[in-house]
Trainee: 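If you scroll down you'll find the structure; I have some questions about it.
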Amino acid sequence: MTKIFNDPSEFAEEALAGFCDVHADLVRQVPGGAVRRLRPPRPKVAVLAGGGSGHYPAFAGLIGAGFADGAVVGNIFTSPSAQQAYMVAKAAESGAGVVFTYGNYAGDVMNFGMASERLAAEGIAVENVLVTDDIASAPPSESAKRRGIAGDFTVFKAMGAAAEAGADLAEVVRLGRKANDRTRTIGSAFSGCTFPGAESPLFSLPDGQMGLGLGIHGEPGLFDTALPPAKELGRELVARLLAETPPDAGERIAVILNGLGSTKHEELFVLWGTVAPLLRAAGYSLVMPEVGELVTSLDMAGVSLTVTWLDEELEPLWLAPAETPAYRRGNAVREAGTVAAGGASDDDVASAAFVATDASRQYAAAGFAALEATQSVLHDAEERLGRMDAIAGDGDHGRGMVRGIDAAAAAASAALAQGAGAGDVLAAAGDAWADKAGGTSGVLWGAGLRALGESLGNSSTPEPAQLAAAVRAFADRIVQLGKAETGDKTMVDALLPFASSFAGLVAEGVEPGRAWEDAARDATAAAEATAGLLPLKGRARPLAEKSLGTPDPGATSLAMIFTVMGPHLTAAVSSESVGARQ
């Protein structure tokens, strides 16, 4: 278990701060993550790795000459926010463009994508390279849906070496995607990992069992099987990888035998004694193989095997020197340069001058009360939501929701104190939620709350139809961003029934408080019904069968939130409606 911590919710931030202090000769902490201590003396492509914490050396441990120019660091197993990605990019960019590179997870794709849009709007050249090496997460026919695990390391290494050699943005991206196309990984877990402060691991296996096909976010394997001797495990891993040999593969390969967190090096060396001879017997030359911990999963006991088929372009990049806090190869040259700027922080931004009517400010207070009620219910449900999420996901939903609502409530309180109306209070809450929670649910809730606020505006207390329209705007923004539909086993399965029911009841003249209460019951029932669905989106998709019988945590938390928000958001509307009818 993870035993050394203070406040579990601050673990990732404190770990990053300690890391940057230890390695201050190489890295510098900036809002959202870390960058190289020295900026390049001339423009070069900034290669920015990113993802959640808990995977050290990935991602911050790979910052340095010949590797990454910076790392965007999210909470444990949670994608960083778009704001974090934007701020790290601004600190690392030196005039030749930036490329974000990360594992193929929905939250990362959305957040890095939104950061890219913002950078491009400012005239900064930006690209994204997704890693999709995990052969267990989708069949070859759907390789674009595969998630990124330890293959991150070889893809990042190729891109970092290319950028260090002076390649332009298009070339760095081409080589990164080529490395990804020629990289395959398969893994196995022997026991689950444990979040700081948690009393038990995210998942467990019976004695003598292993989970084959794990991810690096604590997801259990695709199926459980008897734990074999090292020789049998090595044969299984090698056979599965070689079955997916690229059609144009050569005879020279980069190989990584990676420990997931608590598997000892001696155990890896024993396994290597089977893996290496099998690969050589298959006709391959092993080019500077790596055995150790390169992409971990907190304290998970497990191992993964990665093969990258090299060619005349990729081999020099794999062999190129690098110097980072966690990884060194050859003699990398540290060129002189200026100390990297810290980047802008939220505290540097001047307070907005809010314009609102007194009526909207009064309704803003109701909106803040709704957020406070949400804060209470999510803190109470944090552990339960995490347990639900761990069935087929990574177990971070409860913690992510708590981080999101805490940030949202604080931002709403600050905006309310500065005279903001309802629209600006909810928009501020949404932006803070997305920034601090990270992950898929973080960006969706953040975007939804902002859409709700923008629809309500700052000029008046909403009429019932206006509130229904704002709820519809909330739902539309989430559907547009997440691309989910009813039946995909996501929060949308509870959200759309709520929005439809509330709008219909309001149109029929039902008093808003009663309409909201009835719609919340419909959402709760819809959330419970997701227990019978197979997930078609997100991290739970590869483990679909495991989730049968368990409601979707995103749908469950949404129904809980809308239930407690209702009395606050409808009270003023209800009284006005009643007054108007009288």
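Numbers for residues simply follow the sequence, beginning at 1.
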Trainee: I'd like to know if the side chain of Y105 reaches the main chain of G148, judged simply by a donor and an acceptor atom lying under 3.5 Å from each other, with no hydrogens or angles considered.
Mentor: yes
Trainee: Does a donor on one side chain and an acceptor on the other come within less than 3.5 Å for T308 and T154?
Mentor: yes
Trainee: Side-chain donor-acceptor pairs under 3.5 Å in residues 202-214, sequence neighbours left out?
Mentor:
none

Trainee: Is P80 close to V73 at the side-chain level, that is, under 4.5 Å between some pair of heavy atoms?
Mentor: no
Trainee: Which heavy-atom pair separates V35 from A91 by the least distance, and what is that distance?
Mentor: CG1-CB, 4.2 Å
Trainee: Measure across A326 and Y56 and return the closest heavy-atom pair with its distance rounded to 0.1 Å.
Mentor: CB-OH, 3.5 Å
Trainee: Check this for me: does any side-chain nitrogen of one of D248 and R182 sit under 4.0 Å from a carboxylate oxygen of the other?
Mentor: yes
Trainee: Determine the sole option in V173, L169, V98 for which the side-chain contact (heavy atoms from CB on, under 4.5 Å) test with V45 is passed.
Mentor: L169
Trainee: Between M110 and T440, is any pair of side-chain heavy atoms under 4.5 Å apart?
Mentor: yes
Trainee: So does E13 pair up with R403, basic N to acidic O under 4.0 Å?
Mentor: yes
Trainee: Any salt bridge linking D552 with K489? Criterion: basic side-chain nitrogen under 4.0 Å from a carboxylate oxygen.
Mentor: no
Trainee: Would you kindly say whether N75 and S53 are connected by a side-chain donor-acceptor distance under 3.5 Å?
Mentor: no
Trainee: For D7 and S9, which I'm curious about, is there any donor-acceptor pair between the side chains at under 3.5 Å?
Mentor: yes
Trainee: Do F156 and V47 have side chains that approach each other closer than 4.5 Å (heavy atoms only, starting at C-beta)?
Mentor: no
Trainee: Taking all non-hydrogen atoms of both residues, which atom of A115 and which atom of A82 are closest, and how far apart?
Mentor: CB-O, 3.5 Å
Trainee: I want to check something: taking the side chain as every heavy atom from C-beta on, are I216 and T296 in contact at a cut-off of under 4.5 Å?
Mentor: no
Trainee: Would you compute the distance between atom CG of D389 and atom OG1 of T550 and round it to the nearest 0.5 angstrom?
Mentor: 10.5 Å
Trainee: Less than 4.5 Å apart, any side-chain heavy atom of C193 and any of D299?
Mentor: yes
Trainee: One thing to verify: whether E236 and R240 come together as a salt bridge, which I'm taking to mean a side-chain N less than 4.0 angstrom from a carboxylate O.
Mentor: yes
Trainee: Classify the ring geometry between F19 and H23 as parallel (under 30°), tilted (30 to 60°) or perpendicular (over 60°).
Mentor: tilted
Trainee: Is there a side-chain contact between P289 and W272 in this structure, where contact means two heavy atoms from C-beta onward sitting under 4.5 Å apart?
Mentor: yes
Trainee: Give a yes-or-no answer on whether the side chains of E14 and N6 include a donor-acceptor pair shorter than 3.5 Å.
Mentor: yes
Trainee: Identify the residue among I149, I135, V307, D133 that makes a side-chain contact (heavy atoms from CB on, under 4.5 Å) with I186.
Mentor: I135
Trainee: W318 ring centre to R252 NZ or CZ under 6.0 Å, with the angle to the axis within 45°?
Mentor: no
Trainee: Determine whether the aromatic ring centres of residues F67 and F153 are separated by less than 6.0 angstrom.
Mentor: yes
Trainee: Taking the side chain as every heavy atom from C-beta outward, state whether I63 and L26 have any atom pair closer than 4.5 Å.
Mentor: no
Trainee: Closer than 4.0 angstrom, basic N to acidic O: yes or no for K264 and E267?
Mentor: no
Trainee: Identify the heavy atoms of V270 and A230 that sit nearest to each other, and give their distance.
Mentor: CG1-CB, 3.9 Å
Trainee: Quick one: do D69 and R36 make a salt bridge, cutoff under 4.0 Å?
Mentor: yes
Trainee: For a quick check under 3.5 Å, do N111 and S79 share a side-chain donor-acceptor pair by atom type?
Mentor: yes
Trainee: For ring-ring contact (aromatic ring centres under 6.0 Å, His included), just list the numbers for F77 and F195, CA-CA rounded to whole Å, side-chain angles, deciding distance to a tenth of an Å, and then say yes or no.
Mentor: CA-CA 10 Å; F77 297 172; F195 275 22; 5.5 Å; yes
Trainee: Compute whether any side-chain donor of one residue and acceptor of the other, for Y102 and N128, lie under 3.5 angstrom apart.
Mentor: yes
Trainee: If the test is salt bridge (charged side-chain N to carboxylate O under 4.0 Å, His left out), which one of R328, R329, R37 qualifies with E323?
Mentor: R328
Trainee: With distance as the sole criterion, is a donor-acceptor pair present between the side chains of N104 and T132 under 3.5 Å?
Mentor: no
Trainee: Testing the 3.5 Å rule here: is there a donor-acceptor pair between the side chains of N258 and T306?
Mentor: no
Trainee: Is I124 close to K90 at the side-chain level, that is, under 4.5 Å between some pair of heavy atoms?
Mentor: yes
Trainee: Answer yes or no: is there an ion pair linking R174 with E313, defined by an N-O contact shorter than 4.0 Å?
Mentor: yes
Trainee: We want to know whether Y327 and E290 form a side-chain donor-acceptor pair, criterion being a heavy-atom distance below 3.5 angstrom.
Mentor: yes
